[in-house]
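Worksheet: one structure, shown below.
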Amino acid sequence: MERVFIYPQAEYDPEGVRAVAREIIDSSGVAPKGKSVLIKPSFVYPSHHPDTVGVVTQPPFIAGVARALKDLGASRVMVGEDSVIGPARAAFYAMDVYRHIRGVAEPVYFDEVRHVKVDIPDAEVQDRFIVPAVWPEADLFVSLPKIKVNQFANVTLSVKNNLGFLRQAHRVTNHTDGTLHEKIADLYRVRPPDLVIADSIVAGEGQGPMVASPVELGVIIGGANGVAVDAVACRVMGFDPMQIDHLRYLEARGVGPLSERDIEVVGERLADHVCDFRRPSTELEGVHRNLRVFLGQEKCCAFGCRGMTRCALDAWLEKDAEIREMNIIVGRGVGDLPSDLDPRRTLVVGDCAAEHRKRGAYLPGCPPLPMDTAFGVQKFQGFVPTPLLMRDILKGYVAGYGWKAARFFRGHSDPLRMGE
Ligand code: SF4
């Protein structure tokens, strides 16, 4: 029987989070005393705009958990993450993470540290991953997912949070229908978390991951078994965890339980917090009158090119921003295209649509990188209508790419060795 804790916490108050986190750490039987601890929040992309409160793990939440781990004797607390857009430092700067963790924890930028290869025996689809060495080497791994829906994986909780350990180019490998959930399950087995403390004070519904709308849950959900925590979080969101493929694969391997019979919920009653989160969509057809869409009949992945394109467009669609005329070609087996398509207004997405690459701006890849897809859409729609603090993002870009250039000219040194 796995125990999952649901405790009330209405505000992003670091001291309130600290008290709840201590309770969860103590009750889970996790002993941080004298240990190095890696905390992995979910940043997604560089923004601290209030609209993203349902998208990213909030910095005061991270600070509260880091302080709790220090209270309980952790020798070293690290906060490690990357960013889907730009270098990891851009996300840390934009979210002002430094101010919140100063004196308690140190930042670890996954795009700058030493990586190692890890083999997964008897994998579903991917038997080797290249991950930051700090992940398998830290004494304790504490996952801090933001609870939200996800266009590709249905939900993004502690299991899916591990995708952030992969380099941006490696995240899109096996990001297709029929391989994505399998890959997520394989990656989880690199190292399951010793503890999950999920940011569910404000969760995210709708078009997650990029523009999820906030839902105030006012609780923190945690426990020592990530699959069990995710099963409870799914039920809170109104999802059946047995319908989430990556969770089902892990349950079948005995990594963690999904059934209510095998999970004891401690603290608040689960039934008092069950919601019906708005599901995300990967549809492109009929979403706006100015979008003319040509989809492949043989292959057109919801978890790949199609979803990636919708994800990029959502920055405009969800803000009710003006959508300019645009043609979109995605997938294999599109058939004959009209002869009047204006190539200056046409985006061709993914390797499966390569035969049409001369009909407009072409994004190669299976699927293309999220950042390239976002910039591809931006080429036709103008700047993303989400106000970001450009100064902080630019600082992050300069610091991140400057660091990479310095590392290149100095020769590759090991930036993070555990145990020193
Ligand atoms: S290139 Fe083809 S197989 Fe790959 S994600 Fe796109 S549609 Fe799917």
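The residues of the chain are indexed from 1 along the displayed sequence.
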Output yes when a side-chain donor or acceptor of [X] lies under 3.5 Å from a complementary backbone atom of [Y], and no otherwise.
{"X": "Glu205", "Y": "Arg278", "value": "yes"}
{"X": "Lys160", "Y": "Ala153", "value": "no"}
{"X": "Tyr7", "Y": "Glu23", "value": "no"}

Trace of the side-chain hydrogen bond (donor to acceptor under 3.5 Å, both in side chains) decision for Thr57 with Asp199: CA-CA 6 Å; Thr57 310; Asp199 177 359; 5.0 Å; no
Check this for me: does any side-chain nitrogen of one of [X] and [Y] sit under 4.0 Å from a carboxylate oxygen of the other?
{"X": "Arg248", "Y": "Asp245", "answer": "yes"}
{"X": "Glu283", "Y": "Arg306", "answer": "yes"}
{"X": "Arg235", "Y": "Asp240", "answer": "no"}
{"X": "Arg167", "Y": "Asp111", "answer": "no"}
{"X": "Arg310", "Y": "Asp314", "answer": "yes"}

Show me the donor-acceptor pairs within less than 3.5 Å that the side chains of residues 219-226 make with the rest of the protein, sequence neighbours left out.
{"from": "Asn225", "atom 1": "OD1", "to": "Val227", "atom 2": "N", "distance (Å)": "3.0"}
{"from": "Asn225", "atom 1": "OD1", "to": "Ala228", "atom 2": "N", "distance (Å)": "3.0"}
{"from": "Asn225", "atom 1": "ND2", "to": "Val255", "atom 2": "O", "distance (Å)": "3.1"}

How many angstroms lie between atom [atom1] of [X] and atom [atom2] of [Y], to the nearest 0.5 angstrom?
{"X": "Leu347", "Y": "Lys379", "atom1": "CG", "atom2": "NZ", "answer": "9.0 Å"}
{"X": "Leu38", "Y": "Glu137", "atom1": "CG", "atom2": "CD", "answer": "11.0 Å"}
{"X": "Glu81", "Y": "Lys40", "atom1": "CD", "atom2": "NZ", "answer": "3.5 Å"}

Using a cut-off of 6.0 Å, state whether more than 12 heavy atoms not belonging to Glu11 lie near its atom CD.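 Counting other residues, nucleotides and ligands, CD of Glu11 stays at 12 neighbours or fewer.
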Would you say CD of Glu216 has more than 12 non-hydrogen atoms from neighbouring residues, nucleotides or ligands within 6.0 angstrom? no
Quick check: closest heavy atoms across [X] and [Y], and the distance to 0.1 Å?
{"X": "Leu369", "Y": "Ala169", "value": "CD2-CA, 3.8 Å"}
{"X": "Pro14", "Y": "Arg67", "value": "CB-NH1, 3.8 Å"}
{"X": "Leu258", "Y": "Glu251", "value": "N-OE2, 3.6 Å"}

Does Ser143 have any side-chain hydrogen bond (donor to acceptor under 3.5 Å, both in side chains) partners at least two apart in sequence or in another chain, and if so, which? Asn161
Check against ring pair (Phe, Tyr, Trp, His ring centres under 6.0 Å), Tyr93 and Tyr98: CA-CA 7 Å; Tyr93 271 112; Tyr98 305 104; 5.2 Å; yes
For residues [X] and [Y], is any side-chain donor paired with an opposing acceptor at under 3.5 Å?
{"X": "Thr346", "Y": "Asn327", "answer": "yes"}
{"X": "Gln126", "Y": "Asn174", "answer": "yes"}
{"X": "Arg3", "Y": "Ser27", "answer": "no"}
{"X": "Glu182", "Y": "Tyr249", "answer": "yes"}

Arg76 vs Asp139, salt bridge (charged side-chain N to carboxylate O under 4.0 Å, His left out): CA-CA, chis, key distance, verdict: CA-CA 10 Å; Arg76 183 184 187 190; Asp139 296 331; over 6 Å; no
Which residues pass the salt bridge (Lys or Arg N to Asp or Glu O under 4.0 Å) test with Arg345, sequence neighbours left out? none
With a 4.5 Å limit on heavy-atom distance, are the side chains of Arg261 and Met1 in contact? no
